[in-house]
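One structure is given here, and the rest of the page talks about it.
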Amino acid sequence: MNTSFERCENTKVEWLTPPELVKQLGEFDLDPCSPIDAPFYHAKNNFTSLDDGLRKDWFGRVYLNPPYGRGMELWLEKLKFHGNGIALIFARTETKCFFEHIWNDADAILFVKGRIKFYHVSGVQGGTPGAPSVFIAYGKANATALKNSGIEGRFIFLK
Ligand SMILES: C[S@@+](CC[C@H](N)C(=O)[O-])C[C@H]1O[C@@H](n2cnc3c(N)ncnc32)[C@H](O)[C@@H]1O
């Protein structure tokens with residue numbers, strides 16, 4: 001594992017979604033957890049750790065690739081209640097997060113074929129992570145957008 005890629009100076013994990021992948025999902029109004037010095041943006045509006053995107057009011061269509069580690073499920077829970085957006089997380093399907101906020105609550109999921117090559121905050125595309133990824137759609141329109149995205153993988157409606 002390439003730990004220098006996984007952790008930035010302040011030890012927060014910074015796996016940035018390839019922008020071309022997010023474009024396949026359509027336009028987003030808000031990314032509630034964007035890097036402070038982002039090399040690119042996925043949404044028209046972006047919160048960073050300086051804003052604390054978890055405490056802010058979310059609006060419109062949300063793209064969420066949350067900070068990993070402890071507390072990650074709080075971001076999924078917030079998106080679940082917001083009801084309009086698509087999340088990208090590691091496909092750890094046995095976890096409390098999956099059972100409390102995804103399996104019974106999301107509209108659809110797409111298990112990504114192969115491993116995503118995430119970006120570093122420097123703008124350089126780094127190595128692949130040690131786990132597969134899954135997109136999670138909340139809201140019917142987002143389920144349809146995920147289905148029609150053309151992202152290679154296995155799409156499943158959950159509702
Ligand atoms: C996995 S990265 C994803 C970044 C971006 N959303 C993307 O998909 O390319 C998680 C991001 O959340 C940011 N972050 C951490 N804590 C945060 C907070 N409380 N509020 C907003 N952003 C936060 C980190 O700096 C990091 O850039």
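Whatever order the structure lists them in is the order used to number ligands and atoms, beginning at 1. All values below were derived from every heavy atom in this structure, side-chain atoms included, with hydrogens, water molecules and symmetry-related copies excluded.
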Relative to the heavy atoms of [X], which atoms of ligand 1 are at a distance of less than 4.0 Å?
| X | answer |
| --- | --- |
| D52 | 18 (C), 19 (N), 20 (N) |
| P67 | 10 (C), 12 (O), 14 (N), 15 (C), 16 (N) |
| P32 | 21 (C), 22 (N) |
| T48 | 20 (N), 21 (C), 22 (N) |
| E14 | 24 (C), 25 (O), 26 (C), 27 (O) |
| H42 | 7 (C), 8 (O), 9 (O) |
| P66 | 1 (C), 10 (C) |
| D31 | 5 (C), 6 (N) |

Keeping the roles fixed (side chain from T48, backbone from L50), state whether a donor-acceptor pair exists under 3.5 Å.
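Yes; at least one donor-acceptor contact below 3.5 Å.
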Checking D31 side chain against A43 main chain: does a donor-acceptor pair fall under 3.5 Å?
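No: the side chain of D31 does not pair with the backbone of A43.
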Side chain proximity check, V112 to V134, heavy atoms < 4.5 angstrom
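They are not in side-chain contact.
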Considering only heavy atoms from C-beta outward, does the side chain of L76 approach that of L74 to under 4.5 Å?
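In short, these two side chains do not touch, never coming nearer than 4.5 Å.
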Is the H42-Y63 ring centre distance short of 6.0 angstrom?
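Between Y63 and H42, which both carry aromatic rings, the centre distance is below 6.0 Å.
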Consider every N or O of [X] and every N or O of ligand 1, then say whether any pair is closer than 3.5 Å.
| X | result |
| --- | --- |
| L16 | no |
| W75 | no |
| L54 | no |

Decide whether the shortest distance between a heavy atom of [X] and an atom of ligand 1 is less than 4.0 Å.
| X | result |
| --- | --- |
| Y63 | yes |
| Y68 | yes |
| A38 | no |
| P19 | no |

Distance check, rounded to the nearest 0.5 Å: F135 atom CZ versus S149 atom OG?
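Here the interatomic distance stands at 7.5 Å.
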For E20, is the CD atom crowded, meaning more than 12 foreign heavy atoms sit under 6.0 Å from it?
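Yes - once you tally the heavy atoms of other residues, nucleotides and ligands closer than 6.0 Å, there are more than 12.
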Looking at R115, I want to see if its CZ is surrounded by more than 12 non-hydrogen atoms of other residues, nucleotides or ligands under 6.0 Å.
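Atom CZ in R115 is crowded, with more than 12 foreign heavy atoms closer than 6.0 Å.
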Whether D29 and K44 form a salt bridge (side-chain N of Lys/Arg under 4.0 Å from carboxylate O of Asp/Glu) is what I want to check.
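So K44 pairs with D29 through a salt bridge.
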Would you mind telling me which of T93, L146, I136 makes a side-chain contact (heavy atoms from CB on, under 4.5 Å) with I109?
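The residue from T93, L146, I136 that satisfies side-chain contact (heavy atoms from CB on, under 4.5 Å) with I109 turns out to be I136.
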Under 4.0 Å from ligand 1, counting heavy atoms only, is it the side chain of N65, its backbone, both or neither?
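Both parts.
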